[in-house]
Amino acid sequence: MTREVRVRFAPSPTGPLHIGGVRTALYNYLFAKKHQGTMILRLEDTDQNRFVPGAEQYIKESLAWVGIEIQEGPDQGGPHAPYRQSERKPMYRQYAEGLIEKGLAYYAFDTEEELEEMRKRLEASKMQPAYDSVSRMSMKNSLTLPADEVKARLERGDNYVIRIKLPRKEEVRFHDIIRGWVVVNTGQMDDKVLLKGDGMPTYHLANVVDDYLMGISHVIRGEEWLPSAPLHVMLYRYLGWEEVMPEFAHLPLLLKPEGNGKLSKRDGDRLGFPVFPLNWTDPKTGEMSSGYRESGYFPEAVVNILALLGWHPSDNQEMFSMEELIEAFSLEKVSKSGAKFDVNKAFWFNQQYLNKFDNSLVLDMIKSDWEANYGVLDSEEKKEYASKIVSLIKEKVQFAKQIVPSAHFFYNRPEEFDEQVVAKKWKENTSELLQKLGTYFVANHAISAADFENQFKLYCDETGIKSGEVLQPLRVSVSGEAMGPPIFEILAMLGNQEVVNRINACVDKLSK
């Protein structure tokens, strides 16, 4: 790849960053790092009516949380600053007016009422309601009005927009790295607005001008921008930049778990998973939407989840560090078809990372909650005991925050016992068998998990009972629960005398 790789993530600060936007940023980042290129953050805030306070900071914090490093941007600066489009406003007009001088764009003075009338007229004639190469000739613009009237309107400050002038029937062809050749006829396109009445550029003009001025080599963005790409190709051609036009790659949509449509906030609310990287509170309504970070996901897990939603590695590897992703990633292996979000797979990824982390590190993550429930960890002995509990529980849960409530029976003797196990497994002689088993553990000085397991087997052999008759009742009597960490590990943590005490307390409670 001879051209210097320069990519940009260019979100609009109009609200929280959707997790699909994070995936777009991630793919840009992986591609840039793979080719020793530059990752740019550019904020496309030209639509001031939709600007939302706090959204810009939210975008930056989200990218930082998942480990995406920005090399040029609003905070980092760079050779092509400023990186907010609103701060670049004065530079766009010259390009729009330059197109007018070449006869490739025009002033349009139509009011909202006139535009609406045009749409209704075309719809009534069973035609596409578009401002295009046909309909523009019946509208108020510099193509239909006398030159002196156009001049007079501009001088007295009449409202206008600048529209691109597309040819009536011309083929627009461009190659997409993911989708191959895309061909669209200008007869299917309309004369989009390039410069609005307030002097702000539309997305179309601003992003093409900025991509050119910033030397962007590859535009990697969501599939929703694919219909706009032919217009952008025409702009590059009209502006004389076609030779340095970036390569395009339009990413597949993130779909609902059922696969029927784009993943939305409502899907997350309905199915109980976040669609935003961080918690977001709407400044207008006060409504709070949950984020992956606050829900307990690790950033490493989120990166893994997103990377595999649309991209397929050469082998069947699923767990990647960021460095491994950079090494393995290629746009050619990104799918054209949408990727269904699988919440169970998201849980699985988080569990894998939870198990990879050192027990003491996990304990540090939940320390304040742990100490609020089970006392201050003010000695090495207490920390070591807590770390052992963490090691037993973390294999059974998906999130670090689930460990604290799952650890209660290591510190507190159970008061309630699983009713289903009691109803199904508690026979007439169960209490007696359990109490004798407890005595057996003490008499034989069971200490380690291996001790407890061996002695349990010997006890069953000597008494002639099947292990299934007492194994689950034993678990319920010491923990109160039907499932959990390995039972013999629990017994070793509690100690043989506490096991006896808990068996007796359970038998006593159930007998009443």
Side-chain angles (χ1 to χ4, degrees), residues 16-30 58-59 61-68 222-223 251-280 288-313 315-326 328-329 333-335 337-357 361-362 365-366 390 393-406:
L17 181 62
H18 189 277
I19 201 68
V22 180
R23 185 194 62 171
T24 298
L26 175 65
Y27 282 12
N28 273 278
Y29 178 69
L30 296 176
Y58 180 94
I59 290 167
E61 194 175 338
S62 297
L63 298 181
W65 180 65
V66 294
I68 294 173
E223 181 185 317
L251 307 175
L253 293 175
L254 285 194
L255 303 177
K256 304 170 189 282
E258 313 93 87
N260 57 341
K262 187 177 177 181
L263 182 68
S264 71
K265 176 185 175 297
R266 285 188 296 277
D267 297 313
D269 294 339
R270 175 172 59 91
L271 298 169
F273 62 87
V275 295
F276 301 125
L278 318 176
N279 278 2
W280 168 261
M288 203 276 278
S289 300
S290 62
Y292 279 85
R293 182 178 66 182
E294 291 80 3
S295 295
Y297 285 86
F298 299 114
E300 297 90 342
V302 173
V303 166
N304 244 154
I305 293 162
L306 294 177
L308 295 176
L309 281 171
W311 169 73
H312 304 285
D315 53 22
N316 292 321
Q317 183 176 343
E318 289 190 293
M319 297 286 288
F320 289 87
S321 66
M322 187 70 90
E323 291 71 27
E324 289 170 329
L325 280 173
I326 290 165
F329 184 76
K333 289 191 171 68
V334 175
S335 171
S337 54
K340 287 192 283 189
F341 187 90
D342 184 344
V343 66
N344 291 321
K345 195 68 176 178
F347 291 159
W348 181 84
F349 272 118
N350 211 62
Q351 185 180 49
Q352 298 308 301
Y353 277 97
L354 179 61
N355 285 318
K356 278 181 72 171
F357 291 136
L361 177 62
V362 176
M365 295 176 191
I366 56 175
V390 167
I393 293 177
K394 73 179 187 179
E395 295 179 6
K396 302 291 183 180
V397 297
Q398 287 119 7
F399 299 95
K401 64 182 181 181
Q402 294 172 324
I403 294 175
V404 172
S406 301

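Heavy-atom basis, side chains included; hydrogens, waters and symmetry copies ignored. The structure presented is a predicted model; accordingly, all values stated were derived computationally and were not measured.
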Determine whether a donor-acceptor pair (N or O, by modelled atom type, separation under 3.5 Å) exists between the side chain of [X] and the backbone of [Y].
X: Tyr27; Y: Trp311; answer: yes
X: Asn350; Y: Gly296; answer: yes
X: Asn279; Y: Met288; answer: no
X: Lys265; Y: Phe276; answer: no
X: Ser295; Y: Tyr297; answer: no

Nearest atoms (heavy-atom pairs only) where [X] meets [Y]:
X: Val22; Y: Pro277; result: CG2-CG, 3.8 Å
X: Arg23; Y: Leu251; result: NH2-CB, 3.8 Å
X: Lys340; Y: Leu309; result: O-CD2, 3.4 Å
X: Ala400; Y: Ile366; result: O-CG2, 3.5 Å
X: Ser264; Y: Val275; result: O-CG1, 3.4 Å
X: Leu308; Y: Phe320; result: CD2-CE1, 4.4 Å

- Note on the structure: One should read off an interatomic distance between Ile19 CD1 and Ile305 CD1, to the nearest 0.5 angstrom, of 8.0 Å

- Query: Mind checking whether Phe347 and Phe399 have parallel, tilted or perpendicular rings, split at 30° and 60°?
  - Reply: perpendicular

- Query: In terms of the angle between their ring planes, are Phe357 and Phe298 parallel, tilted or perpendicular, with boundaries placed at 30° and 60°?
  - Reply: perpendicular

Any side-chain heavy atom of [X] within less than 4.5 Å of one from [Y]?
X: Val66; Y: Leu26; answer: no
X: Leu30; Y: Met322; answer: yes
X: Asn304; Y: Met319; answer: yes
X: Trp280; Y: Leu17; answer: no

- Query: Can you name the side chain to side chain donor-acceptor pair (under 3.5 Å) partners of Tyr58, sequence neighbours left out?
  - Reply: none

- Item | Within residues 289-308 or reaching into it, pairs that qualify as salt bridge (Lys or Arg N to Asp or Glu O under 4.0 Å) - sequence neighbours excluded | Glu61-Arg293

